[in-house]
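When a ligand or atom number is given, it counts from 1 through the structure's own listing order.
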Amino acid sequence: MAEYADFNLGIYLAGLGGDPPPFPVTFAGLEAAARERLEHRLFDYVAGGAGDEHTQRGNVAAFERWGIVPRMLAGAAERDLSVELFGHRLPTPLLLSPIGVVGVMTEDGHGDLATAAASANSGVPMVASTLMQDPLEEVAARLGDTPGFFQLYTPNDRDLAESLVRRAEAAGFRGIVVTLDTWTLGYRPRDLQHATFPQLRGHCLANYFSDPVFRSRLAAPPEEDPGAATLLWASIFGNPGLTWDDLAWLRGLTDLPLLLKGICHPDDVRRARDGGVDGIYCSNHGGRQAATAPALDLLPAVVDAADGLPVIFDSGVRSGPDIVKALALGATAVGIGRPYGYGAAIGGRAGVEFVLSCLLAEADLTMGLNGYARIADLTRDVLVRTPGTPTG
Ligand code: FNR
């Protein structure tokens, strides 16, 4: 069986022929390369977050406070990284978290299509954002045999929400991820300082502009009056009135697996369970929304309350060991955001695939060298608390 760690060997062999790796192999390297490539306000939109950004630094630091206990002579020379999620046997536990501007991060302005193609090629599912530069139908058509999920920002127009879900179902997405933590925008100083927000400039609104319900709310089609369409979007995007009372309606929208993203408290997990959801997505949105909310530290209690429901985790995953640690804390699958966004920025589809290969090679090696051959071997007792590194 091919091991993900074999990717390393390929890099060394190419080096013998004089070829360095095409892209950086660390998160810091990816971020620096993306900073060079992206227009500076777009880079800040991606790299930045809420408040003084200690929330997103804390996401990374939380991983550093865990170590993995190595076991020797454990027969882990061959590993199996596959997991089961909603009836799909996935080759790895990784997911591509929704990034609502990846569409404009690639050179060709079709980053959602590039991400979908990378998903098809790698078997790593894409959670496609509501905010895409290409319509969800075209993105779904690039996913190949890899199951994809559609992420819904619930608009304050129920007919539009229903229309988006119907379209996602018809396009072949295998689950709906409703993001709850963005009913309004967080306080993001970098974007405020630049006085810029990509969607207000009409970017990444293809799912709205192509939607029959959205279009029916406009006096002129978006092609004729994009300004008015963008203003309508701004007025329907947020949904401050959404409460647990609306979960029955959301649940009733689809028979597909339904996940709630942004859940970090066990009581919220229990309410979600009671409301009939199929999975929990524990995340603090990469530190971009509610400032100071931890993520990884809350994962174990979320997993306990989920009581067997699949739990997806993201926020702060930067390396292979981070993936292994999140799994050991009980995640069923682990999402990455900025790392693949930077990959898309510097290399389009190839960049995303490279980032996935690096992360999977490192996760695979981390499991092997620590003596754990299967995901099921990763239980909480393989982790030990360490002092970590102060982040300031
Ligand atoms: C996001 N995220 C996000 N989440 C979501 O549900 N819908 C979206 O459209 C977006 N858009 C988005 C844009 C950008 C630029 C970033 C960085 C993030 C949050 C994303 O899905 C995920 O929760 C975080 O990115 C995970 O944290 P890391 O991996 O970036 O630390």
Side-chain angles (χ1 to χ4, degrees), residues 27 30-31 34 38-39 41-50 53 55-63 94-106 111-112 115 125-133 136 139 149-155 164 175-183 185-186 188 190-191 196-199 203-208 233 237-239 259-264 280-290 293-296 299 312-319 322-323 326 331 333-345 352 355-356 359:
F27 179 77
L30 290 169
E31 188 169 52
L38 292 173
E39 192 275 326
R41 286 167 300 190
L42 180 57
F43 173 80
D44 273 346
Y45 179 77
V46 178
E53 299 185 355
T55 312
Q56 66 195 55
R57 288 194 298 279
N59 285 343
V60 175
F63 280 99
L94 257 195
L95 296 180
L96 295 155
S97 298
I99 294 191
V101 286
V102 79
V104 290
M105 287 174 72
T106 54
D112 301 295
T115 305
M126 172 184 187
V127 185
S129 173
T130 313
L131 299 169
M132 293 199 285
Q133 188 69 358
L136 62 91
V139 174
F149 298 86
F150 180 71
Q151 176 266 323
L152 178 73
Y153 278 133
T154 316
L164 289 166
I176 304 290
V177 174
V178 180
T179 298
L180 300 177
D181 57 21
T182 312
W183 50 269
L185 270 186
R188 300 184 190 163
R190 294 202 214 195
D191 302 337
T196 187
F197 189 77
Q199 284 78 17
H203 296 309
C204 306
L205 299 181
N207 284 331
Y208 299 86
W233 170 79
F237 174 75
N239 198 339
L259 295 91
L260 299 183
K261 180 168 185 275
I263 299 278
C264 292
I280 303 294
Y281 196 139
C282 175
S283 163
N284 71 2
H285 211 106
R288 301 165 66 78
Q289 284 295 101
L296 190 72
L299 175 62
I312 293 171
F313 175 82
D314 79 20
S315 294
V317 175
R318 299 287 175 263
S319 69
D322 293 350
I323 296 166
V334 180
I336 50 162
R338 293 179 184 88
Y340 88 83
Y342 293 146
V352 175
V355 170
L356 292 174
L359 288 169

side-chain hydrogen bond (donor to acceptor under 3.5 Å, both in side chains) partner of E53, the single match among R288, R188, R190: R190

Short side-chain to backbone donor-acceptor contact, T106 and G111, under 3.5 Å: yes

Where ligand 1 meets T179 - atom numbers and elements under 4.0 angstrom, heavy-atom basis: 5 (C), 6 (O)

Polar proximity ligand 1 side, R288 side, N/O cut 3.5 Å exclusive: no

A47 backbone acceptor or donor facing Q56 side chain under 3.5 Å: yes

Enumerated ligand 1 atoms positioned under 4.0 Å from heavy atoms of I99: 11 (N), 12 (C), 13 (C), 14 (C), 15 (C)

Whether R318 lies under 4.0 Å from ligand 1, heavy atom: yes

Mutual orientation of the aromatic rings belonging to Y153 and H285 [parallel < 30°, tilted 30-60°, perpendicular > 60°]: parallel

S315 to ligand 1, any heavy atom closer than 4.0 Å: yes

Protein heavy-atom partner closest to atom 22 (C) of ligand 1 - residue, atom, separation in Å: D314 OD2, 3.1 Å

G316, any N or O under 3.5 Å of ligand 1 N or O: yes

Any N/O pair G100/ligand 1 closer than 3.5 Å: yes

Short N or O distance, Y45 and ligand 1, threshold 3.5 Å exclusive: no

Atoms in ligand 1 flagged as close to S129, the criterion being non-hydrogen separation under 4.0 Å: 8 (C), 9 (O)

S315 side-chain N/O to N59 backbone N/O, donor-acceptor pair under 3.5 Å: no

Heavy-atom nearest neighbour of atom 2 (N) of ligand 1 within options P98, G337, G48: P98

Flag, side chain of R318 to backbone of F63, donor-acceptor distance under 3.5 Å: no

Pair F27-Y342, ring-ring contact (aromatic ring centres under 6.0 Å, His included): steps then yes or no: CA-CA 9 Å; F27 179 77; Y342 293 146; 5.7 Å; yes

T130 side chain to Q151 backbone, donor-acceptor under 3.5 Å: yes

Donor-acceptor pair between N239 and T154 side chains, under 3.5 angstrom: no

Closest protein heavy atom to atom 27 (O) of ligand 1, given as residue, atom name and distance to 0.1 Å: G286 CA, 3.2 Å

Heavy-atom donor-acceptor pair, D112 side chain to V139 backbone, under 3.5 Å: no

Protein residue, atom and distance nearest to atom 19 (C) of ligand 1, heavy-atom basis: H285 CD2, 3.4 Å

Part of R338 with heavy atoms under 4.0 Å of ligand 1, whether side chain, backbone, both or neither: both

Side-chain donor-acceptor pair present, S283, D314, cut-off under 3.5 Å: yes

S283: numbered ligand 1 atoms lying under 4.0 Å from its heavy atoms: 23 (O)

Y153 neighbourhood, listing ligand 1 atoms whose heavy-atom distance to it stays under 4.0 Å: 3 (C), 4 (N), 5 (C), 6 (O), 7 (N), 8 (C), 9 (O), 10 (C)

Polar proximity ligand 1 side, Y281 side, N/O cut 3.5 Å exclusive: no

Proximal ligand 1 atoms for K261, defined as those under 4.0 Å from one of its heavy atoms: 4 (N), 5 (C), 6 (O), 19 (C), 20 (C), 21 (O), 22 (C), 23 (O)

